[in-house]
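Lettering of chains follows the sequences in order, A, B, ..., and the numbering in each one begins at 1.
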Amino acid sequence: MEKVEFKLYNTLSRKKEVFEPLDPPRVTMYVCGITAYDEAHLGHARAAVVFDVLYRFLKFLGYEVTYVRNYTDIDDKIINRSQKEGTPWYEIAERYIREYQEEMAALKVLPPTHEPRATEHIPEMISLVERLIEAGVAYESEGEVYFAVEKFPGYGKLSGRRLSELVAGARVEVSEKKKNPLDFALWKASKPNEPAWESPWGPGRPGWHLECSAMSIKYCGETLDIHGGGLDLIFPHHENEIAQSEAATGKTFVRYFVHNGLITVNGEKMAKSLGNYVSVKDMLARYHPETIRLFLLTKHYRSPLDYTEKGIRDAEKALYGLYESLYFLKKVAPKREGGLSKSGEKLAKALEEFRERFLLALAEDLNTAEALAETFTLISEVNRFLPTARQASSEEAALAQKVIESLRQLTGDLLGIGTEDPESFIEKERERKIQLKGLDRELIERRLSEREAARKKKDFKTADRIREELAAQGLTLRDTPWGTFWMVEA
RNA sequence: GGCGGCGUAGCCAAGUGGUAAGGCGACGGCCUGCAAAGCCGUGAAUCCGGGGUUCGAAUCCCCGCGCCGCCUCCA
């Protein structure tokens with residue numbers, strides 16, 4: 001493809017910038033993953049899906065992407081849970097990492113190139129701490145090591161904070177061991193009965209911020225092209241990562257910081273602590289993965305996204321519409337030789353525009369909402385074309401194939417939406433809804449064929465009665481030239 | 001209090017200087033045995049309010065109002 005100028009919003013500059021990797025065609029991207037202490041919720045899914053789209057788009061643009069997403073497998077919350085459950089910390093972490101991986105796979109999130117865990121990189125972290133102590137920006141205090149925030153001049157550059165203001169309004173925990181309340185732990189001494197690793201400062205475990213610096217440097221090098229995560233990580237997590245990494249290497253740590261907006265519920269942030277979250281597991285049980293992706297991607301990634309049942313159902317209907325058009329488009333077969341009809345010509349033109357606009361939308365700071373809008377614009381043109389396509393010419397049938405191919409390549413491969421075979425998608429969704437509603441598949445099929453027989457005999461009274469009966473169970477029927485099409489509504 | 005963001009039709013949501021994409025819904029029509037879906041049409045005198053800049057602003061600037069996030073672990 002021709003060169004597309006990709007613009008990405010950089011939190012460091014608070015502007016959209018043209019994306020140019022340090023060492024093309026290589027791109028390094030590190031995204032903060034989860035702390036494995038509990039089930040994932042929709043907010044985690046949003047982050048994963050957003051960066052999944054970024055990953056897919058970068059690859060589409062021809063870059064060779066090293067994509068790292070870490071797991072925090074040791075921290076206070078994991079230890080708490082472990083003590084509460086009487087389960088070893090590593091089993092807790094293992095359980096939730098595996099769950100997360102399964103759920104993300106179900107959501108069609110591509111696996112990153114590396115998924116490192118904190119506890120597998122203790123030596124790297126220890127040597128990073130040593131470097132920081134040597135550099136004079138970290139100090140030991142009673143078996144713990146802290147980063148001295150005032151020793152790093154750039155502190156606050158990402159989050160737009162000034163040290164003086166932070167100190168003034170500091171509500172951070174006051175520890176006797178810290179020289180400055182804002183200093184943060186690089187290495188924590190462990191209490192008795194807590195997991196511990198040997199270190200030059202005694203038994204302990206790494207601080208949270210440290211792992212990302214150590215692992216990103218290991219897998220991506222000392223300067224990352226892209227570092228991502230949720231908006232809520234800007235301060236202090238990413239700020240601290242910059243301080244640690246740049247103080248140690250003397251190099252720019254990250255060239256583009258990318259942050260996704262949070263999910264809200266009734267306008268409030270979705271969070272474990274607020275108890276207002278909906279788990280990914282729950283969502284996957286009720287909705288098709290692509291419904292969830294569509295819901296997540298209809299809003300620009302940097303804006304807050306309010307979770308509502310209606311929002312999800314709207315997404316589901318839109319997705320069904322997409323697949324139904326695909327379903328009929330796939331049935332277009334050449335019935336005669338010849339060129340394009342008028343509606344064929346319009347579709348051909350719409351297809352060209354679609355390809356161009358879709359890519360421009362993604363190139364403009366990953367505007368997935370607009371990319372989806374372009375998809376649905378094309379779908380409308382497909383629907384206008386479909387009635388005349390029943391007697392399709394050879395050229396029209398070829399065009400139908402090209403449309404399918406483009407949708408697969410763009411909406412499918414880049415957004416992860418519309419990737420399934422329409423027939424099996426529809427079948428799977430019928431089955432899912434039947435299960436959810438506890439309906440009787442066999443009975444439905446029988447009633448459908450009884451209705452078909454009645455219609456053949458022009459016994460419309462019986463046919464309509466059956467339709468009403470099925471409608472009462474949530475089924476909508478549609479009589480088409482290819483037979484009766486039915487769906488269970490949300 | 002500091003830093004950042006948001007406010008666009010009934011709902012959701014793009015658009016960030018040239019006269020309002022798309023989804024869901026509503027209404028009328030076509031199609032249909034009737035429906036459904038689809039298509040066609042209707043629907044924001046106008047983008048929270050008020051000033052300003054400009055030939056021209058939803059888009060830029062200023063002042064308000066309202067909502068949210070971060071400042072503590074958090075995607």
Side-chain angles (χ1 to χ4, degrees), chain A residues 11 14 16 31-35 37 40-51 69 72 75-77 156 158-162 164-166 168-173 182 208 228-237 239 259-264 267-274 294-295 298-300 302-306 308 310-322 324-325 328 343 357 361 364 367-387 455 458-461 463-464 467-468 471 475-480 484-487:
Chain A
T11 308
R14 308 216 178 259
K16 282 188 212 170
V31 175
C32 290
I34 54 158
T35 297
Y37 77 102
H41 66 235
L42 239 206
H44 300 106
R46 184 183 195 192
V49 168
V50 162
F51 287 101
R69 189 180 60 203
T72 300
D75 96 318
D76 289 345
K77 281 185 258 191
L158 176 68
S159 54
R161 273 152 235 260
R162 274 181 225 117
S164 54
E165 286 162 358
L166 283 167
R171 290 188 294 140
V172 291
E173 88 182 83
L182 291 170
W208 177 44
L231 266 178
D232 52 350
L233 296 182
I234 293 174
F235 190 89
H237 188 235
E239 197 68 74
H259 293 100
N260 63 275
L262 306 180
I263 302 233
T264 58
E268 279 207 317
K269 174 180 174 177
M270 178 179 282
K272 292 273 168 58
S273 51
L274 294 170
L294 185 59
F295 173 71
T298 38
K299 186 145 186 189
H300 185 85
R302 277 190 288 114
S303 305
L305 171 60
D306 201 49
T308 59
K310 184 183 180 297
I312 302 278
R313 263 186 262 115
D314 286 355
E316 181 171 81
K317 283 180 190 162
L319 186 69
Y320 282 10
L322 172 71
E324 285 173 34
S325 296
F328 291 114
S343 67
R357 291 183 183 172
E364 191 63 36
N367 194 337
T368 54
E370 193 178 330
L372 282 165
E374 295 302 336
T375 300
F376 285 105
T377 301
L378 210 219
I379 289 299
S380 287
E381 204 55 56
V382 165
N383 290 335
R384 279 189 280 270
F385 164 78
L386 247 16
R455 286 184 71 226
K458 302 246 187 263
D459 178 6
F460 295 120
K461 223 178 134 188
D464 290 352
R467 184 170 61 200
E468 275 162 38
L475 270 70
T476 54
L477 273 51
R478 191 179 317 157
D479 300 318
T480 79
T484 297
F485 182 95
W486 60 279
M487 212 65 199

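With C1' as the reference atom, B:rA45 and B:rC65 are 24 Å apart, rounded to whole Å. Nucleotides B:rA57 and B:rA20 have their P atoms positioned 13 Å apart, rounded to a whole Å. Straight-line distance between the P atoms of B:rU19 and B:rC3: roughly 36 Å, to the nearest whole Å. Separating the P atom of B:rG15 from that of B:rU72 is a span of 32 Å, rounded to the nearest Å. On the C1' atoms, B:rG29 is 27 Å away from B:rC12, given to the nearest whole Å. B:rA9 and B:rG22 are spaced 13 Å apart, taking the C1' atom of each and rounding to whole Å. Atom P of B:rC61 sits at a distance of 32 Å from the matching atom of B:rG23, rounded to the whole Å. The C1' atoms of B:rU54 and B:rC48 are separated by 23 Å, rounded to the nearest whole Å.
Under the 4.0 Å criterion applied to side-chain N and carboxylate O atoms, A:Asp464 and A:Arg467 are assigned as salt-bridge partners.
Taken to the nearest 0.5 Å, the OG atom of A:Ser303 stands 11.0 Å off from the CG atom of A:Asn260.
Cation-pi geometry between A:Arg69 and A:Phe51 is not satisfied (NZ or CZ under 6.0 Å from the ring centre, within 45° of the ring normal).
In terms of position on RNA chain B, the residue among A:Gly43 and A:Ile234 whose nearest nucleotide sits closer to the 5' end is A:Ile234. Take the nearest nucleotide of RNA chain B for A:Asp232 and for A:Glu364: the residue whose nucleotide is more 5' is A:Glu364.
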For a salt bridge (Lys or Arg N to Asp or Glu O under 4.0 Å) check, start with the C-alpha distance between A:Glu381 and A:Arg384, then their side-chain angles and the critical distance, and finish with the verdict. CA-CA 5 Å; A:Glu381 204 55 56; A:Arg384 279 189 280 270; 2.9 Å; yes

Report the C-alpha distance between A:Met270 and A:His41 in whole Å, list the side-chain angles of each, state the deciding distance to 0.1 Å, and finish with yes or no for side chain to side chain contact (heavy atoms under 4.5 Å, CB included). CA-CA 8 Å; A:Met270 178 179 282; A:His41 66 235; 3.8 Å; yes

Nucleotide by nucleotide, nucleotides 20-33 of chain B touches protein heavy atoms under 4.0 Å in the pattern (B base, S sugar-phosphate only, - none) -BSBBS-------B

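Put simply, CD on A:Glu268 is 7 Å from P on B:rC68, counting in whole angstrom units. Per the geometry, CG belonging to A:Asp306 stands 8 Å off P belonging to B:rC12, to the nearest Å. In this structure, A:Glu239 places its CD atom 16 Å from P of B:rC70, rounding to the nearest Å. One atom, CG of A:Leu233, and another, P of B:rG4, lie 19 Å apart when rounded to the nearest Å. As rounded to whole Å, 15 Å separates atom C1' of B:rC39 from atom CD of A:Glu324. Between A:His300 atom NE2 and B:rA13 atom C1' the separation is 13 Å, expressed in whole Å. Across the protein-nucleic acid pair, A:Met270 atom CE and B:rC73 atom P stand 22 Å apart, rounded to whole Å. With rounding to whole Å, A:Leu477 atom CG is found 12 Å from B:rA37 atom P.
In this structure, A:Arg161 reaches the bases: a heavy-atom distance under 4.0 Å links it to at least one base atom across the strands shown. Nucleic acid contact for A:Gly261: base, since at least one base atom lies under 4.0 Å from a heavy atom of the residue. Residue contacts for A:Leu231: at a heavy-atom cut-off of 4.0 Å it reaches no nucleic acid atom on any strand shown. Nucleic acid contact class of A:Leu294 (heavy atoms, under 4.0 Å, all strands): none. Nucleic acid contact class of A:Lys299 (heavy atoms, under 4.0 Å, all strands): sugar-phosphate only. A:Met487 comes within 4.0 angstrom of nothing in the nucleic acid, heavy atoms only. Nucleic acid contact for A:Lys458: none, since no nucleic acid atom lies under 4.0 Å from a heavy atom of the residue.
Residue A:Asn367 has a polar side-chain atom (N or O) positioned under 4.0 Å from OP1 or OP2 of B:rG15. Taking only side-chain nitrogens and oxygens, A:Asn260 never comes nearer than 4.0 Å to OP1 or OP2 of B:rA75.
Pair assignment for B:rU54: none, as no Watson-Crick or G-U wobble contacts are both less than 3.5 Å. Remark: B:rU72 base-pairs with no nucleotide; criterion is Watson-Crick or G-U wobble with both hydrogen-bond distances under 3.5 Å. The base-pairing partner of B:rA9, taking Watson-Crick or G-U wobble contacts with both distances under 3.5 Å, does not exist among the strands shown. A 3.5 Å limit on both hydrogen-bonding distances identifies no Watson-Crick or G-U partner for B:rA45. Using N1 to N3 plus N6-O4 or O6-N4 for Watson-Crick, or N1-O2 and O6-N3 for G-U wobble, each under 3.5 Å, B:rG17 pairs with nothing.
Comparing atom distances between the A:Thr476 side chain and each of B:rA36, B:rC3, B:rG69 picks out B:rA36 as nearest.
Not counting sequence neighbours, the partners of A:Phe485 by the ring pair (Phe, Tyr, Trp, His ring centres under 6.0 Å) test are A:Tyr327.
Counting heavy atoms from C-beta outward, A:Arg478 and A:Met487 have side chains that stay 4.5 Å or more apart.
Scanning all heavy atoms of the two residues, the minimum distance from A:Phe376 to A:Leu322 falls at CE2-CB, 4.2 Å.
Not one N or O on the side chain of A:Glu370 forms a donor-acceptor pair closer than 3.5 Å with the backbone of A:Ala361. Counting only distance, with no hydrogens or angles, the side chain of A:Arg46 and the backbone of A:Gly261 share a donor-acceptor pair below 3.5 Å.
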